[in-house]
Number of protein chains: 2
Amino acid sequence: MIPSIGVDVALRRGEDMMELHIRELRKFDEPLYKWVKRGLIELIGLGTWRPAQAIPSERKLSEGFGVSMGTIRRALDELVDDDVLVRHQGRGTFVTAHDRNRYLFSFFNVCGHDGQRIYPVVNLIDFDSLRADAFVARSLSISPGAKVVRVRNLLTLKGVPTLVDEILLPAARFAGISRERVADRSGTLYQLYEEQFRQSVTRIEERLRATVANAQQAADLAVDPGYPLLHIVRRAFAVDGTPIELRHSFVKTEHYEYSRTLHEADRGRGRD
Amino acid sequence: MIPSIGVDVALRRGEDMMELHIRELRKFDEPLYKWVKRGLIELIGLGTWRPAQAIPSERKLSEGFGVSMGTIRRALDELVDDDVLVRHQGRGTFVTAHDRNRYLFSFFNVCGHDGQRIYPVVNLIDFDSLRADAFVARSLSISPGAKVVRVRNLLTLKGVPTLVDEILLPAARFAGISRERVADRSGTLYQLYEEQFRQSVTRIEERLRATVANAQQAADLAVDPGYPLLHIVRRAFAVDGTPIELRHSFVKTEHYEYSRTLHEADRGRGRD
DNA sequence: CAGTGGTCTAGACCACGTC
DNA sequence: ACGTGGTCTAGACCACTGG
């Protein structure tokens, strides 16, 4: 988009050309603040400002984008709502820093019957690639037949094999992904997506069903075929709203279970 | 900044009494828009504008409160976020009409495999009372042996028996509840709690497991014993944070499933 | 101290819905 | 045509943080 936005010097010279360039990239009938927001998302995605780093001040952004501070603030407000940015009065506005606990427990909802959270031990049991069938293509908003990477994990909680994951990723968004890079990571998969492929997960959608273990799952989880399992179908979405992961999880809920707290103000989120 | 000047001016013009009432509520060191917001909440609470009715336009509110339109808009923005108001461009701003859909779909997360929401048909199949055992007592924060009302419902979606509920209520909080009052209600159970017993549910906590149908459940849901069911244990909490309902739901997820969307900003809610 | 975000103003023009 | 909310401007002063 406009790689030099925010760098004060670049604006003064060639202002007219810049302005023209900016206006051309504007979408028809799109509010200015949405355009600013998209621009900032793009710049963050390009690594212009790293997590925990400050972005330019509102006044500089106002000058750089050529819009008023009110418009900048509106864009920043939405990015703060989306948890892409954090404001600190008197200090500046910062790209959100994501630590491992955040990702682990923000979207990992399995806990003991007493409600206690447990750190899972993750073991990679399979890594390969395949072509998207109709369902996968629709779920990931890609073309049928497009290349998809598949990761299978076994999660163990306090020595008890509890959960098997089958994770499908659109290969186009994860260029260069390999068994080694997945197996040798230090944090969660979502950290890997973010740090190595610039894909930040901001929203997930989950559907839960009850099912019974097939032969493979029974072997992985050390139960008999026919044992009841919680089947979670999850889609993870990037900042721009596109799905970047489709995940099937099968949970043995004998000692652990899936837990959520819902607030009245969240109504309507159940199905959007 | 002396907001009461604008208020006084408005009063001299004989607008109405709302400003007089609000003026006393002004706190020092509070942003103006927060004051406007509290004022509007109070006026709505007093019934100045009924649900589904329009409130005054932003320009009139600006004049009435003696603040700029930008400040009014900020207060309205937050009230829209809180779902107290709804905006309709070109028509006005309206007090949210809370109909049965609100409660139904705010905490009812079962939908079709295609994501479509369905209105369930509820049939009361049992109503009795019993004494709390240790688990129920702890779950409802009551004494073991205290009286508990039990309601059993069968929910049918598009003619398919899909869900059986066992609902446990602390009798002390639901004095005068009867089979008839539960069966003859027009809306949801949570509406009944709110309207007849002044118990508003603001938060729920859910834990999900996979299980298999016992004989009773199999008969209710028209499946064979051993069929996999989603078992949801729910606690509903009142405004003051005390639990007022313990509910076990058993869901046949053949055609319908449990669905949730989680946002990154919700992190930490999974286990609190 | 200078610079940041937080709040607020007093307008403007536009898109939309209703009459 | 008119009034509504939606967007946007070009400033202002404040509270807070850091050197």
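Every chain is numbered from 1, with letters handed out A, B, ... down the list of sequences.
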Which residue lies more 5' along DNA chain C, comparing Lys34(B) with Leu76(A) via nearest heavy atoms: Leu76(A)
Could you state the CD-P distance from Glu58(A) to dT7(C), rounded to the nearest angstrom? 11 Å
Distance in angstrom units between Arg87(B) CZ and dT4(D) P, rounded: 14 Å
Roughly, in whole Å, what's the span from CD in Glu78(A) to P in dG6(D)? 13 Å
Looking at residues at least two apart in the chain, or sitting in another chain, which of them share a salt bridge (charged side-chain N to carboxylate O under 4.0 Å, His left out) with Glu195(A)? none
Could you tabulate the donor-acceptor pairs under 3.5 Å formed by side-chain atoms of residues 69-77 of chain B, not counting sequence neighbours?
unit_1	atom_1	unit_2	atom_2	d
Thr71(B)	OG1	Ser68(B)	OG	3.4
Arg73(B)	NH1	Glu58(B)	OE1	3.0
Arg73(B)	NH1	Glu58(B)	OE2	2.8
Arg74(B)	NH2	Tyr33(B)	OH	3.1
Asp77(B)	OD1	Arg87(B)	NH2	2.1

Who pairs with Val151(A) by side-chain contact (heavy atoms from CB on, under 4.5 Å), at least two apart in sequence or on another chain? Leu124(A), Phe127(A), Val149(A), Asn153(A), Ile167(A), Val182(A)
Separation of dC8(C) atom C1' from Trp35(B) atom CH2, nearest Å, is 13 Å
Would you please confirm or rule out a distance under 4.0 Å between OP1 or OP2 of dG3(D) and any side-chain N or O of Lys60(B)? no
Residue set satisfying salt bridge (charged side-chain N to carboxylate O under 4.0 Å, His left out) with Arg247(A), at least two apart, ordered chain then number -> Asp165(A), Glu245(A)
Once ring-ring contact (aromatic ring centres under 6.0 Å, His included) is applied, what residue pairs with a partner in residues 70-93 of chain A remain, sequence neighbours excluded? His88(A)-Phe94(A)
Rounded off to whole Å, could you give me the CD-to-C1' distance for the Glu30(B) and dC8(C) pair? 15 Å
Between Asp77(B) (CG) and dG6(D) (P), how many Å, whole number? 8 Å
Are any of Tyr33(A)'s side-chain N or O atoms less than 4.0 Å away from OP1 or OP2 of dT7(D)? yes
Protein proximity profile, nucleotides 9-19 of chain C - base contact B, sugar-phosphate-only contact S, no contact -, cut-off 4.0 Å on heavy atoms: B---B-BBSS-
Less than 4.0 angstrom between a side-chain N/O of Arg74(B) and OP1 or OP2 of dT7(C), yes or no? yes
